[in-house]
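Below: the structure, in structure tokens.
Order of the sequence lines sets the chain letters (A, B, ...), proteins ahead of strands, with each chain counted from 1. A quick note: this is a predicted structure, and the numbers were derived from the prediction, not measured.
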2 protein chains.
Amino acid sequence: MPDYQAPLRDLRFVMDEMLDYPAHYARLPGGEEATPDVVAAILEEGARFAREVLLPLNQSGDQEGCLLEGGEVKAPKGFREAYQQFVEGGWPSLAADSAHGGQGLPHSLAMALNEMICSTNLAWGMYPGLSHGAADALRHHGTEEQQATYLTKLVEGVWTGTMCLTEPHCGTDLGLIKTRAVPTADGAYEITGTKIFISAGEHDLAENIVHLVLAKLPDAPEGSKGISLFVVPKFMPDNEGNPGKRNGVSCGSLEHKMGIHGNATCVMNFDTARGFLVGPPNKGLACMFTMMNAARLGVGIQGLGLTEASFQNALAYARDRLQMRALSGPKAPERPADPIIVHPDVRRMLLTQKAFAEGGRMLVLYTAQMLDVVEHGQDAAEREHAETLLSLLTPIVKAFLTEVGFEATNEGVQVFGGHGFIQEWGMEQLVRDARITRLYEGTTGIQALDLLGRKVLMSQGESLKVFTKEIHKFCKAEEGNAELAEFIAPLAKLNAEWGELTMGIGMKAMSDREEVGAASVDYLMYSGYVTLAYLFARAARQSREALSAGSDEAAFYEAKINTARFYFQRLLPRTLAHARMIQAGAEPLMALAAEDFGLGFEI
Amino acid sequence: MPDYQAPLRDLRFVMDEMLDYPAHYARLPGGEEATPDVVAAILEEGARFAREVLLPLNQSGDQEGCLLEGGEVKAPKGFREAYQQFVEGGWPSLAADSAHGGQGLPHSLAMALNEMICSTNLAWGMYPGLSHGAADALRHHGTEEQQATYLTKLVEGVWTGTMCLTEPHCGTDLGLIKTRAVPTADGAYEITGTKIFISAGEHDLAENIVHLVLAKLPDAPEGSKGISLFVVPKFMPDNEGNPGKRNGVSCGSLEHKMGIHGNATCVMNFDTARGFLVGPPNKGLACMFTMMNAARLGVGIQGLGLTEASFQNALAYARDRLQMRALSGPKAPERPADPIIVHPDVRRMLLTQKAFAEGGRMLVLYTAQMLDVVEHGQDAAEREHAETLLSLLTPIVKAFLTEVGFEATNEGVQVFGGHGFIQEWGMEQLVRDARITRLYEGTTGIQALDLLGRKVLMSQGESLKVFTKEIHKFCKAEEGNAELAEFIAPLAKLNAEWGELTMGIGMKAMSDREEVGAASVDYLMYSGYVTLAYLFARAARQSREALSAGSDEAAFYEAKINTARFYFQRLLPRTLAHARMIQAGAEPLMALAAEDFGLGFEI
């Protein structure tokens, strides 16, 4: 069975040393309680919970799956009890406002903990995982009464939440939804329609489920401007706020999926279910984005968590498995063969995993600081700056970390050879679980359009400039630093090229809008690689400083520099290909007529 | 449920038009019977069998899996009957020597048919698939008596074969095997040991199973020089050659795997099983490579088959699914949204699949011609030339086509969005089935070492030169052809760079053998991309000629040129990254000490 140890040392490096979280927290209202000691204690406790409670349920949950019987869904054995422990431990409320029963700690801390949950049991993590988005929507757009009724319960984790968006005929294109909301005499609505792919739509972990549902009012305008958001509880709260009468929403069936078997992915039928409007009528799409952004960051963290889990187990196997001798001569002559970690190509795979895990962690925790500031920052200019960076980085976190997470979990299988394909070792489960992360909450293609179209080009490149300026400043400051030249020189070059590529696309897009879609995914991947290069360069600087200061953890800092060097030399060159493919433009994609794609096989 | 139509038009293009199979067959002894009409009829019949018999069993086989009960393995429902039809149709014996009951048709024809089997039911295809390797080993190394006893039955398909190589503690490193063969008084051997990952090791499709088993003689030298090959039947043939007494070999358990659920992957226990030496004692490894090479080409074809299957179904979905409007304005204004094939990024994914399917098909059929010549060529120099190319291309066929096959099947899932993750659509099964192809019969890493170390560098680059000279000649011949300049110029450049990169690695490897392993996988991928570029350039030339000649299938040839252009502009730039990563060398991989990989999480 796979093992797991939370990367506490690496978290300390990124948070305390590289990104100066102590100072960051000290400046946040409420953040002053998140002292380094408190943070360390919480992370350690979270690590224990992930390893001791969640990890043992991961493989069994995958094999057992969920069961729908008489309209009720049973999660796999142990999931319910683990969730109760989670609630009793106060984990769901960690980063929620104290006004709604939360502990008021920074969001970034919850994100660091979330990585551990994703590393040990992604399917389980999806039960509480969606509550966060639902709570966000109610916090930002709900009435006081809605907040009093639902938000506190969600924050405590006593109830869980869902996001009911997708329908059989539409996922990305929510303007096409057919679910209807008909006003009732008492100011509520009757919701009728079918939603699919509803994660944790029905289950036995919590006493009630709060559905956030997109639907159309009778007089709604066509398309995405006619969507409204509703809160629809599974059980109507009674006068004491406890679950009362069953509402007209039920699980029609469970999807049979490639992975995350332990999570109930439900078809939800709404049959004149009683619901309440959240936010203004026909403004549901904006409210939905509030949920969506939290969820997107969360999915990026899933990619990271799975990468780390796969890396740790592949590393253990590579040290243990004996096979062949090193090409340069035996490294363990006393044994029948060398451990496979001596082979350069095995090292390439392990270092790929390691670099994406450590790089992803830096990206998540860097972005998490922006989220903290957006939510709690005292200074308006600082908030705006953070908002710009956060909205730029969110699609990168989501799509880049899930794309490389899928690659990394596959490298983990590859390190195991044929054994990686066997369920028992648990490595193939990580691949199957990782596969969904490239799809849900907006596919990689959708994230790429969000990044290039909505975030970068719509702001005339201004949002990107906020970030490339920061990188430029960093490069300038280290220009004369010979020890860092191997990182700074290529980073500065890429940073300049990033702007040029963007301008190039912008120019072409003026005469042909399809150029945006044609460049988008390569652009997103390019952006992700440059972003990680920036963060690895900072990590290298931090490590050099620690070594100069005579740290007694020299091996740790040397390893970090080696990982950065691997990243720059063996992963970053992928930008060469992405840049060239961006420049190739739309023509090679658009020339072929749709009816001619199948001429090789269609009769 | 996924659909499938064999790519008969594209096969005709590659075989008849581009690679001039009619002339190739006319020159082969026995090949003269493979007239274009006969070939077309066989391909059509194979297409029907694949679509009508195999395809309907693919999803059900995946869901049902295999059952081990009382030592007997039951394949999924319908598999046995399909196999009987396969045998009755004479398919197994198609390309076998008439001396052993075969029909004596060219191997290349069987390979073209094999693609269809892999597209429609990979798990089923693995039952007859291994027989080929076992038959090859007996044909090349077996005694006349062994051939009379086993080979005819394997050729007819009445019995199936296995390759029993891997043991729990060794896969790649077969020098470590523990299975023992003890001579008996009558010149036979008693084989004792445990073999794992034995595809089709036990099943109910055929009346007998012929195991080809690696084991060590009592006095065998250490390591890979002490391995011998044995034939061990499940049932000892009686005097009439029919299955008689049960031998001491049995299936201990079935593996639970990520994919190919319909195939029985067995732990095989040999308990003083009666076996017979094949080839000379202690020369088993050489005999094994005879099996292995056939199997490796077969696995490459699996990558191709799955790519084509995923492409066809993603294409159908992309034409059908309505979602969003084209960025440049509605393309189907009469419908609620545009079919997603209008979106450039969806086209990018479809074209990636299409290019890898068509490129892979060209590579397989080009290599298949070499195999025909090696097996049946009349001219010694021609045979030697073909042998050099075949051995160079085999690891590329195996590893490159499975790597890009995995990518392509994943693009298929991605085109489906969230629906791709749902089992019902069948797209995720293709990914799970494709995952094994990167692992078995030697992982990608092993193929890469074979290509770079054993094939290219060990011949001082001579084997590569045979191929790059051919490409060079082609480029020279088309130098002045303006219509082809977009293909010829970049191809010529890459072809030259290929040689330079090889020299660079060779030089570095003289002082550090680890440079070979460090460059190997990037080198293999680079080689694959250049090889496909050569073949696409030839396809473009062929298409231009057909257009100039006023073909009435202009759309087909235009589509081919468009696909070649997409390949050159949107896939081939990946060579930029691979070249750079090759040049980065071993240092970034070897610098980190094995014990320092885990410093981020190990306490």
Report which part of [X] has an atom under 4.5 Å of a heavy atom belonging to chain A: side chain, backbone, both, or neither.
{"X": "R12(B)", "answer": "neither"}
{"X": "K257(B)", "answer": "both"}
{"X": "F568(B)", "answer": "neither"}
{"X": "H578(B)", "answer": "neither"}
{"X": "A6(B)", "answer": "backbone"}
{"X": "H256(B)", "answer": "both"}
{"X": "T166(B)", "answer": "neither"}
{"X": "A326(B)", "answer": "both"}
{"X": "L315(B)", "answer": "side chain"}
{"X": "I341(B)", "answer": "side chain"}

In terms of heavy-atom pairs under 4.5 Å with chain B, which of [options] leads?
{"options": "H343(A), H419(A), R9(A), K354(A)", "answer": "H419(A)"}
{"options": "V516(A), T443(A), V521(A)", "answer": "V521(A)"}
{"options": "Q423(A), R513(A), E428(A)", "answer": "Q423(A)"}
{"options": "G445(A), A555(A), A316(A), P573(A)", "answer": "P573(A)"}
{"options": "I603(A), V413(A), L322(A)", "answer": "V413(A)"}
{"options": "A591(A), G175(A), G453(A), G420(A)", "answer": "A591(A)"}

Between the side chain of Q414(B) and the main-chain N/O of R438(A), is any donor-acceptor distance below 3.5 Å?
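Yes; at least one donor-acceptor contact below 3.5 Å.
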
Tell me if the [atom1] atom of [X] is crowded by more than 12 foreign heavy atoms within 6.0 Å.
{"X": "E553(A)", "atom1": "CD", "answer": "yes"}
{"X": "Q63(B)", "atom1": "CD", "answer": "yes"}
{"X": "R580(A)", "atom1": "CZ", "answer": "no"}

Minimal non-hydrogen separation, [X] against [Y], with atom names:
{"X": "L176(B)", "Y": "P336(A)", "answer": "CD2-O, 3.6 Å"}
{"X": "R347(A)", "Y": "L589(B)", "answer": "NH1-O, 2.8 Å"}
{"X": "R570(A)", "Y": "G585(B)", "answer": "NH1-O, 3.3 Å"}
{"X": "E514(B)", "Y": "K331(A)", "answer": "OE2-NZ, 4.5 Å"}
{"X": "L351(B)", "Y": "P588(A)", "answer": "CD1-O, 3.7 Å"}
{"X": "F421(A)", "Y": "L439(B)", "answer": "CB-CD1, 3.9 Å"}

Going by the salt bridge (charged side-chain N to carboxylate O under 4.0 Å, His left out) test, which pairs reach into residues 593-603 of chain A, not counting sequence neighbours?
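Checked against salt bridge (charged side-chain N to carboxylate O under 4.0 Å, His left out) - neighbours excluded - the pairs reaching residues 593-603 of chain A are E602(A)-R319(B).
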
Identify which part of [X] has an atom lying under 4.5 Å from any heavy atom of chain B, answering side chain, backbone, both or neither.
{"X": "D522(A)", "value": "side chain"}
{"X": "L8(A)", "value": "backbone"}
{"X": "Q583(A)", "value": "neither"}
{"X": "T265(A)", "value": "neither"}
{"X": "F311(A)", "value": "side chain"}

Under 4.5 Å between any side-chain heavy atoms of I422(A) and F197(B), yes or no?
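A side-chain contact under 4.5 Å exists here.
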
Report the C-alpha separation of T172(B) and Q323(A) in whole Å, then their side-chain angles, then the decisive distance to 0.1 Å, and conclude whether the side chain to side chain donor-acceptor pair (under 3.5 Å) test is met.
CA-CA 7 Å; T172(B) 299; Q323(A) 208 79 174; 4.8 Å; no

Parallel, tilted or perpendicular: which one describes the rings of F406(A) and F406(B), with boundaries at 30° and 60°?
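It falls in the parallel class, under 30°.
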
